[in-house]
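Everything below concerns the one structure shown next.
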Number of protein chains: 2
Amino acid sequence: MGKVPAAEGRDGVLSRAVAILRALAAAGPDGLRLSDIAEAADLPKPTALRILRTLQGEGLVEDGPLGRTYRLGLDLFCLAARAGNPSNLRDLGRPAMLRVAAAFEDTVFLLVRSGYDAVLIDRSEGVLPVRSLTGDIGGKVPLGLGQGSTAILASLPAGEQEEVVRHNLPLIRERGGLEETALRTALLDTARKGYCDVANGLIPGSSGLAVPIRDRTGQVIAALSIGTTLERLTPERRAAMAEMLQREAAAIGDASNPFDPTLRRPGASMQRAG
Amino acid sequence: MGKVPAAEGRDGVLSRAVAILRALAAAGPDGLRLSDIAEAADLPKPTALRILRTLQGEGLVEDGPLGRTYRLGLDLFCLAARAGNPSNLRDLGRPAMLRVAAAFEDTVFLLVRSGYDAVLIDRSEGVLPVRSLTGDIGGKVPLGLGQGSTAILASLPAGEQEEVVRHNLPLIRERGGLEETALRTALLDTARKGYCDVANGLIPGSSGLAVPIRDRTGQVIAALSIGTTLERLTPERRAAMAEMLQREAAAIGDASNPFDPTLRRPGASMQRAG
DNA sequence: CGATTATTTTCACTGAATGAAAGTGGTGGT
DNA sequence: ACCACCACTTTCATTCAGTGAAAATAATCG
């Protein structure tokens with residue numbers, strides 16, 4: 001009869017179903033076979049099968065390309081397309097992104113913070129395809145890896161920033177980002193200038209520039225970022241980009257709803273508005 | 001007792017949870033209160049609450065902007081970002097879309113068929129923002145409304161096309177599309193030319209051009225579409241666009257996996273591989 | 001074709017899910 | 001300040017949805 005509040009039970013069909021969905025998401029578009037799913041979600045096969053059938057009935061899962069495989073379905077895509085829009089950021093940001101992309105003909109990214117990560121929620125392509133660290137829309141990067149992500153980290157309150165840095169440093173190092181000293185310098189630099197242009201050159205020749213987006217209470221909620229190449233990032237363009245990004249970011253922040261609990265700190269996961 | 005196979009039960013926590021997710025998706029980014037959710041999903045409040053809590057624990061649902069509201073969470077967005085990629089179409093299509101967008105500086109859309117509808121699964125913006133019928137990524141249009149959607153419909157086998165037309169005509173008419181005669185003419189015209197440029201002028205001044213994407217078996221699976229304005233659609237540009245779209249669509253189709261069961265006909269919704 | 005491995009069905013059991021009812025908290029009217 | 005109202009939350013006895021071992025069936029491979 002443990003009434004432990006944080007008893008993150010892995011039982012209940014619902015949690016199991018979500019585990020299956022996660023397993024399918026982790027797999028590619030070719031899908032997974034029942035056995036793989038059962039193993040990945042740590043479920044007996046009959047149970048996995050029953051859940052898959054139900055999900056399939058709901059359209060969230062569909063048959064994969066090769067016979068007897070399963071993958072995430074179109075309905076799930078449609079359903080979730082309207083998710084991940086905290087403070088209406090996606091809608092508010094779209095026009096700004098288009099303007100920036102049109103002005104510089106480079107790719108523009110919109111990232112929101114989620115715990116220790118930043119999630120890419122929108123993108124507007126420029127003339128040349130730029131590879132983003134997050135992979136595609138919906139992808140995550142640890143805060144501190146890449147310009148947008150670093151712009152967010154640099155704008156967090158000191159305590160929170162410290163916690164995130166401590167948590168993410170191993171990940172950042174592992175993925176070829178900055179060392180601790182360089183990262184801390186970059187954070188200070190970003191905070192001072194109001195934009196981030198550290199070349200944590202993960203993709204050789206690539207670079208970018210990002211600014212934090214703050215709501216009206218001053219809390220960082222997102223970042224607006226440009227991805228480009230080193231040679232296109234001339235001093236003049238850099239200045240113009242920084243100026244425009246800051247202007248657009250301010251406009252987005254002003255328009256966003258300040259009363260948004262999505263800025264939950266990573267540590268405190270159970271604040272009830274009691 | 002009842003062993004009715006098609007007993008699409010609305011019971012089972014899973015189905016109930018999905019009903020709740022659907023309700024939340026239908027609501028805007030401001031979220032819904034418990035009472036509204038319970039009503040929308042046709043569930044008693046305690047049940048709805050319990051499910052919401054579990055979903056929230058999984059990150060699929062989060063607190064809304066105003067106190068005591070719920071909305072779809074970021075995790076759902078991340079999860080589903082990798083869904084809706086039948087035949088790997090999204091990945092295969094991306095480079096083609098970028099090329100087309102760069103060539104004409106107009107917005108490019110990638111639509112896949114889903115039953116009686118077409119779903120927008122990707123978009124690459126041009127210089128001027130074009131409003132798409134589907135709203136945003138993840139949005140649906142009935143087949144036969146808009147160029148991309150019509151390109152798909154025109155390429156279906158006769159019987160299937162007929163069924164879809166009969167099913168969708170009321171919807172199309174209601175939403176300001178073509179009348180039956182005009183639609184049928186447009187379908188023939190599209191099939192003959194290999195691309196669709198009917199100006200079912202839903203958005204005045206807007207127009208576009210679309211081609212079907214067929215897999216190697218010849219089945220239509222998607223459409224590649226350009227959205228532009230009437231004055232930008234000069235005869236020369238139209239010809240160049242049609243040529244390029246057809247070339248790119250053919251390349252995508254050749255690269256796609258032909259053994260994909262996603263081309264399920266709208267009628268047969270319960271084909272079990274027994 | 002037979003051996004192996006994956007999928008699916010069956011079924012007796014059980015605890016997860018249920019929802020009526022009671023309790024708590026917050027909001028607005030006077 | 002008070003009360004009346006409505007929304008949210010907790011409790012708990014009931015029961016049926018979910019479970020998974022085992023067996024049957026189907027696919028795969030050498």
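In what follows, every chain begins at residue 1, and chains take the letters A, B, ... in the order their sequences are listed.
Contact annotation: B:Arg16 reaches the phosphate of C:dT18 (side-chain N/O to OP1 or OP2, under 4.0 Å). The side chain of A:Ser35 contributes no N or O atom lying less than 4.0 Å from OP1 or OP2 of C:dA6.
Counting heavy atoms from C-beta outward, A:Leu145 and A:Thr150 have side chains that stay 4.5 Å or more apart.
A:Thr54 is linked by a side chain to side chain donor-acceptor pair (under 3.5 Å) to nothing, counting only residues two or more places apart in sequence or in another chain.
If you measure from atom CZ of A:Arg33 to atom C1' of D:dT28, you get 10 Å, rounded to the nearest angstrom. Protein atom CG of A:Leu43 is 14 Å distant from nucleotide atom P of C:dT7, rounded to whole Å. Going from atom CG of B:Leu49 over to atom C1' of D:dC6 covers 16 Å, rounded to whole Å. Atom-to-atom, CD1 of B:Ile51 to P of C:dA17 comes out at 9 Å; the value is rounded to the nearest Å.
For A:Thr47, counting side-chain heavy atoms from C-beta on, the closest listed nucleotide (C:dT7, D:dT9, D:dT19) is D:dT19.
Between the two ends of the helix from C:dC1-D:dG30 to C:dT30-D:dA1, each summarised by a five-pair axis, the helix axis turns through 60° (rounded to 10 degrees).
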Going through the checks in order, is the side chain to side chain contact (heavy atoms under 4.5 Å, CB included) test met by B:Arg113 and B:Leu143?
CA-CA 8 Å; B:Arg113 183 200 172 182; B:Leu143 288 173; 3.9 Å; yes
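The closest donor-acceptor contact from the side chain of B:Asn168 to the backbone of B:Tyr116 lies under 3.5 Å. Between the side chain of A:Arg22 and the main chain of A:Leu24, no donor-acceptor pair closer than 3.5 Å is present.
Among the protein residues, B:Pro44 comes within range of the sugar-phosphate backbone only, with heavy atoms under 4.0 Å from sugar or phosphate atoms but none that close to a base.
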